[in-house]
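Below: the structure, in structure tokens.
Within every chain, numbering begins at 1; the chains are lettered A, B, ... in the order of the sequence lines, protein sequences first and strands thereafter.
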2 protein chains.
Amino acid sequence: MAASIKDVAREAGVSIATVSRVLNNVDVVNEDTKKRVQDAIKKLSYRPNIVARSLKTQKTKTIGILVPDISNQFYPEVVRGAEDVANIYDYNIILCNSDSDLDKEKEYIRVLKEKMVDGMLYMSSSLEGEILDLIDELELKTVLVETKISGGKLPSVTIDNKKAAYDATKYLLEKGNKKVAYIGLKKDRTNAVSRRYNGYEKALKDSGIEVDPSLVYFGGLKAADGYNGINVILENSEIDAVFCASDEVAMGAINALRDKGLDCPKDVDVMGFNDNSMAAVFYPKISTVAQPMYDMGSVGMRMLIKIVNNKPLDDDQYVLQYYLVERDSVK
Amino acid sequence: MAASIKDVAREAGVSIATVSRVLNNVDVVNEDTKKRVQDAIKKLSYRPNIVARSLKTQKTKTIGILVPDISNQFYPEVVRGAEDVANIYDYNIILCNSDSDLDKEKEYIRVLKEKMVDGMLYMSSSLEGEILDLIDELELKTVLVETKISGGKLPSVTIDNKKAAYDATKYLLEKGNKKVAYIGLKKDRTNAVSRRYNGYEKALKDSGIEVDPSLVYFGGLKAADGYNGINVILENSEIDAVFCASDEVAMGAINALRDKGLDCPKDVDVMGFNDNSMAAVFYPKISTVAQPMYDMGSVGMRMLIKIVNNKPLDDDQYVLQYYLVERDSVK
DNA sequence: ATGAAAGCGCTAACAA
DNA sequence: TTGTTAGCGCTTTCAT
């Protein structure tokens with residue numbers, strides 16, 4: 001068994017209260033006794049039991065992070081950013097993969113509450129009302145990353161997906177492309193990512209172009225979706241460019257194009273989204289809109305830690321900057 | 001405040017002991033009182049406080065996972081595999097990024113102990129003696145993933161890196177390649193990944209080929225390392241093929257080749273390692289040795305959970321199967 | 001400046 | 001079958 005505060009107290013010849021005092025640096029402790037206690041701590045390699053402390057203080061110094069799937073390209077960097085700042089402030093993170101499944105999410109949230117996490121970083125492209133209710137009922141301090149809710153009831157860190165998509169589409173248009181296709185998420189889901197379609201739509205309209213449904217493909221966010229998307233779109237139409245809702249989709253699209261004898265960027269311009277770690281490694285290097293993934297995680301965690309410690313927030317709806325990265329998939 | 005066991009007891013008109021009994025399904029409880037308790041639980045939306053339970057039982061139902069960096073290609077899948085099985089058995093995971101930094105690792109391990117995790121999954125390409133000592137001193141139940149230690153003192157799940165590299169190199173040789181280069185990790189570190197070099201070396205020797213130092217480049221495991229590696233190697237030599245210690249290195253190598261006017265696989269065969277999610281998306285599709293990353297995580301977690309619950313292990317040094325994936329980067 | 005003791009929410013040994 | 005109670009390791013109030 002590891003040494004407990006009692007052992008230290010005995011070793012130092014003081015009461016456990018005194019040990020606690022030097023441990024937490026509170027009250028005034030005589031320099032001599034403090035030293036005796038510190039020596040005892042060192043001698044016994046004592047480390048406080050945080051579970052016991054948590055029970056008393058009602059704070060666990062741990063934060064839950066709920067992601068759809070850590071093995072998806074987007075999340076590891078966000079989580080890394082979050083964990084780095086958590087670590088700075090002596091917090092740890094409990095990672096949960098929900099697969100965006102409502103029941104799984106609810107159960108995880110309940111368990112996080114049972115384990116008394118101090119707060120939660122919630123990431124999911126969709127955000128059901130039931131989840132909001134649960135968060136509310138459990139009074140679980142949470143900040144949203146990637147999504148936000150209209151009322152602004154929960155703090156969030158996001159980028160302006162619609163505007164980013166707008167800019168990307170405009171960029172494609174300004175390159176002289178007429179027929180610009182879109183491959184992305186189904187638009188019927190109320191999530192952040194599907195708002196990219198709205199940006200695409202608006203950019204076309206603002207340029208006096210009607211959106212042509214046969215140029216739009218709704219699927220997932222994987223390479224296979226980009227591949228399928230191109231094949232479907234090319235069945236009935238010709239295109240000059242494609243705006244893809246993720247880099248992986250862009251890569252899949254480029255592969256499909258190539259298999260059809262079409263070259264990117266010579267024949268078709270392709271634009272991605274995210275700027276994941278492979279975007280600059282792929283051939284051709286993917287032009288994309290970069291999302292500050294690491295920062296989304298780190299500012300999200302910073303906000304959350306402030307909230308947890310009742311510190312005032314400068315702003316509770318952070319909108320981070322995205323930026324267009326011009327590489328080789330757009331000529 | 002959330003309801004506590006006391007509230008439930010009061011509501012149901014029983015003692016807290018009885019509530020605890022129905023909660024944990026121990027002893028025999030009268031059906032009627034059991035129902036009363038269950039009703040009270042439902043009525044109050046009661047959920048046990050796991051921190052309090054943990055303090056008493058000395059088990060937290062949480063497992064620490066130490067990885068170098070979750071934003072590296074390899075780890076997300078392993079972690080996903082681990083978390084999935086953890087979830088099945090009602091465990092949660094605390095994720096820690098160590099950057100393979102010894103001090104950070106030591107501190108994380110101590111904190112995990114303070115938080116009374118039931119066990120730890122340790123992943124790191126290198127495994128210093130100090131870490132082993134600390135694990136030992138803290139009596140922290142741990143299983144090693146990706147590495148193992150010679151004595152077999154700690155349970156592990158790995159693949160045979162040397163043999164896998166041997167097979168890959170042989171494969172390249174059998175394709176008729178004479179000058180086969182190697183780009184991978186510095187071999188001076190005692191880690192699992194650098195053993196791939198030993199496999200490469202042995203394959204050459206077994207084929208009666210002397211290893212030519214100018215065909216070997218030691219760097220990191222990123223695309224940039226593959227890119228640099230090719231440039232350095234090509235300064236003094238010509239090559240027929242390259243065996244790369246990761247898929248990212250392979251991609252970087254292929255890019256460098258292309259920039260030099262060399263085509264893969266026409267001019268040079270390139271072999272990767274891992275079979276990460278981009279390997280089949282890259283052009284050309286990367287031929288590689290597939291590591292069962294998800295499985296490494298899931299069997300690692302399975303072992304750990306058995307250990308934590310004092311169940312016997314069938315085997316404590318699992319060596320999982322890798323397999324060669326033939327795609328397009330080798331002709 | 002220090003100690004005694006209550007209590008955080010639970011489990012489990014013991015009693016009834 | 002059920003209740004009482006000690007105690008897990010700590011923090012913190014109240015005395016001293």
Between [X] and [Y], does at least one N-O distance fall below 4.0 Å, as a salt bridge requires?
X	Y	result
A/Asp118	A/Lys61	no
B/Lys35	B/Asp39	yes
B/Glu107	A/Arg47	yes

Heavy-atom nearest nucleotide on DNA chain D taken for B/Gly13 and for B/Lys56; more 5' hit belongs to B/Gly13

Heavy-atom nearest nucleotide on DNA chain D for A/Ala2 versus B/Ala17: which residue maps closer to 5'? B/Ala17

Which nucleotide sits closest to the side chain of [X]: [options]?
X	options	value
B/Asn30	D/dT2, C/dT11, D/dT13	D/dT2
B/Lys6	D/dG9, C/dC8, D/dC14	C/dC8
A/Ile5	D/dC14, D/dC10, C/dA13	D/dC10
A/Ser15	C/dG3, C/dT11, D/dC8	C/dG3
A/Asn49	D/dG9, D/dT11, C/dC10	D/dG9
A/Val29	D/dG3, C/dA5, C/dT2	C/dT2

Side chain to side chain contact (heavy atoms under 4.5 Å, CB included), that's the test. Do B/Tyr75 and B/Ile65 meet it? Break it down for me. CA-CA 11 Å; B/Tyr75 300 103; B/Ile65 300 190; over 6 Å; no

So, A/Gln317 versus A/Ser156: side-chain donor-acceptor pair below 3.5 Å or not? yes

For B/Leu140 and B/Val117, what are the C-alpha separation, side-chain angles and deciding distance, and is it a side chain to side chain contact (heavy atoms under 4.5 Å, CB included)? CA-CA 8 Å; B/Leu140 185 52; B/Val117 294; 3.9 Å; yes

Atom-to-atom span, [atom1] of [X] to [atom2] of [N] - whole angstrom:
X	N	atom1	atom2	value
A/Ile16	C/dA5	CD1	P	11 Å
A/Asn24	D/dT13	CG	P	12 Å
A/Glu31	C/dT2	CD	P	10 Å
B/Met116	D/dC8	CE	P	12 Å
B/Leu23	C/dG9	CG	P	15 Å
B/Glu114	D/dT11	CD	C1'	16 Å
A/Leu55	D/dC8	CG	P	13 Å

Does [N] have its OP1 or OP2 closer than 4.0 Å to a side-chain nitrogen or oxygen of [X]?
X	N	value
A/Ser4	D/dG9	no
B/Arg53	C/dG9	no
B/Gln58	D/dG9	yes
A/Thr18	C/dG3	yes
B/Ser20	C/dT11	yes

Counting the atoms with a prime plus P, OP1 and OP2 as sugar-phosphate, which does [X] contact under 4.0 Å by heavy atoms, base, sugar-phosphate, or nothing?
X	answer
A/Asp27	nothing
B/Thr33	sugar-phosphate
B/Val14	sugar-phosphate
B/Ile50	nothing

Residue whose closest nucleotide on DNA chain C lies nearer the 5' end, B/Arg21 versus B/Ala52: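 Whichever sits nearer the 5' end wins; that is B/Ala52.
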
